[in-house]
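What follows is one structure encoded as structure tokens, with my remarks underneath.
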Amino acid sequence: MLLNQLYKALIVGVAIVAVSGCTSMGKKAGDAANDAASAKGMTSGGLNGSNLIDDQLRAKSVFYFELDRTDVNPADQAALAAHARFLAANHGKHASLVGHADERGTREYNMALGEHRAMAVAEVLTMNGVSKSQIEIVSYGEEKPAAMGHDEPSWAQNRRVELDCK
Amino acid sequence: MQGRFKHLVLLFFAGLFSFTSQAIFGALTIEITKGNHSALPIAVVPFQWAGQTSLPPENIAAIVSSDLEQSGRFKAFPVQKMPQFPTAPGEINYPAWKGIGMESLVVGQIQPFGSRYRVVFQLVDVFKSSAPMQTQGQAVLSSSQILIGREYTIEAKDFRKLAHQISDIIFEKLTGIRGAFSTKIAYVSVEQLGLRKRRYHLEVADIDGHDPKELLVSSEPLISPAWSPRGDMLAYVSFENKRPEIYIQQVATGRRQAVSSFPGLNGAPTWSPDSHSLAMVLSKDGNPEIYVMNVATRQLTRITQNAAIDTEPQWAPDGKSIVFTSDRGGKPQIYRHWLNGDREDRLTFTGDYNARPRFTPDGLRIIMVHRNNNRFHIAVQDIEAGVTQVLTETELDESPTVAPNGSMVIYATQYFGKGVLSAVSIDGRVRLRVPSQRGEVREPAWSPFFN
């Protein structure tokens, strides 16, 4: 039973090695090093299920928020904890947290909302062992929407914090 | 007579086009709601043109007519319905104008004067006379009927400026309120260059949208422009270094400097009435709070202290208090901080979202963004009485800015998915939409009077 689960994890791990790293935004320079590190992690920790699950969890790098709210969705805790473990184990890495809001309401209040959201995500990271010096926060308020529509689905996509590891 | 009439007809047609050429704003669309029955009827008769070319540099009468109509307080009489085209008070056929209910007439003349131009106009009260005195069968104008008469000598480049000045004079004479037609508007216009690529322009234009001048262009956002009290500087927030920073820039020279670049937020700058300080929001101490910065010394005084978001400060016209947005009660509402005594009062209690306060010039009311049924409107609140009135029917409203004479509010909103500016009179009765020709327009800021 356990072996079955491990085999499944291995297959998933192989599939997602290509997108390992903090962000799921595709390959960037330095991903080769990441891949090497994760590949190493996979073979040496191949029977260690949590590393592979962490890779999978860390694929999630955009975190969404309810209207007017700045509290992190409990469903995001696991992914953030995985990011935290990665950062705690790699002190040379920095997490950039960029906070956003949807277009409704006033621009400067939305700047503050975006920052509060990024800070809420940062707090989850620090509570999971990441040092503050590894975290950079910036808010763009409503200025850089991900979705350009003027409707609920677009607004929901814009209330977000984007996590990027460098 | 024939020649002069031809000139007037040409001026009429030129008038249809003159205020759409070169304007960042497209054709102005006036939507008058609730029927503004108290609008004063006025006829601005096309000025006589005595020059050799077919048209003068600008159609002054058309600009004045447009200014007065768009203030919401006047109903400008259409040129094509005018019973006659007098160019001086002595030519006016009073019964003809009285018969159509016209109260005020503006007549004028433009003639070349060397390399410059001489412009004369009179504002005439149609109803003021008793029967004019007759001398040898000729009607003599009673001097009390000419409310204002002025003569100017100007260059070609100053025609629009003079037209707005004439609008100011007529407006003030007939309403008792100082005209705001010579003021300017700052705004941000945004060009979409690609899917994720934009270009932001900080511009200043005449209040009718003409003659836009670019102050700054950036590939990163620009927000929150704010005029200094004398209109010589603009403060704004720029993301040119990939984070929000506050800059101040001289409008005339373009010289700029960053004044606030702390970690975290630097935002919402507004000038103190004595122009020595900027109120702003900073989060460098862990949380967005209101600070006051002395511009010369850069010394900071902290104004708010709590775990909530405090932002969007604005000084009262008497400099004694600062209003701002705070969500310390759970959702954004407007509060007032008294600088002497450190007291804070909550001002808004209607609706679950009130933000971005702006005082009217008399300090008695605040304009704000107000949410009702998930729609964002512009509302005005009498501070003393606590009464709130929603001014707009548009639904994604933001960034209201008040005219320096308190008569009108310009704000940003969406029109069929595109960012545009709109205007509403302070009593909510007259609404204008200003669609833009190039890209989207947002973040309007109405200049002060330029003394």
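These numbers were taken from a predicted model, which means no experiment stands behind them. Here is how names work: the chains are called A, B, and so on, in the same order as the sequence lines, proteins then strands, and each is numbered from 1. Reckoned from all heavy atoms, side chains included, excluding hydrogens, waters and symmetry mates.
Proximity to chain A (any heavy atom under 4.5 Å) is shown, for B:Lys242, by both the backbone and the side chain. Only the side chain of A:Glu115 comes within contact range of chain B, judged by heavy atoms closer than 4.5 Å. Of the two parts of B:Leu396, only the side chain, counted from C-beta on, holds a non-hydrogen atom closer than 4.5 Å to a non-hydrogen atom of chain A. Residue B:Glu395 does not touch chain A at all, counting heavy-atom pairs closer than 4.5 Å. With a 4.5 Å cut-off on non-hydrogen atoms, A:Glu136 does not touch chain B at all. Only the side chain of B:Arg371 comes within less than 4.5 Å of a heavy atom of chain A; its backbone N, CA, C and O stay farther away. Interface remark: B:Leu222 contributes no atoms to any contact with chain A (heavy atom separation under 4.5 Å).
Between B:Arg442 and A:Glu103 there is no salt bridge, since none of the side-chain N atoms of the basic residue sits less than 4.0 Å from a carboxylate O of the acidic one.
Below 30°, between 30° and 60°, or above 60°: for A:Tyr109 and B:Tyr353 the angle between ring planes is above 60°, a perpendicular geometry.
Residues B:Glu398 and A:Glu142 have side chains in contact (heavy-atom distance under 4.5 Å, counting atoms from C-beta outward).
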Quiz item: What do the steps show when you test A:Lys144 against B:Glu220 for salt bridge (charged side-chain N to carboxylate O under 4.0 Å, His left out), and what is the final call?
Solution: CA-CA 9 Å; A:Lys144 301 229 171 182; B:Glu220 295 292 329; 2.7 Å; yes

Exercise. Determine, step by step, whether B:Met368 and A:Thr106 satisfy the side chain to side chain contact (heavy atoms under 4.5 Å, CB included) criterion, reporting the C-alpha distance in whole Å, the side-chain angles of both residues, the deciding distance to 0.1 Å, and the verdict.
Key: CA-CA 10 Å; B:Met368 65 188 87; A:Thr106 61; over 6 Å; no

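The backbone N or O of B:Ala268 sits less than 3.5 Å from a side-chain atom of A:Glu108, completing a donor-acceptor pair. In this structure, A:Tyr140 contributes its side chain and B:Pro244 its backbone to no donor-acceptor pair below 3.5 Å. Panel note: side chain A:Arg104, backbone B:Arg375; no donor-acceptor pair is recorded below 3.5 Å.
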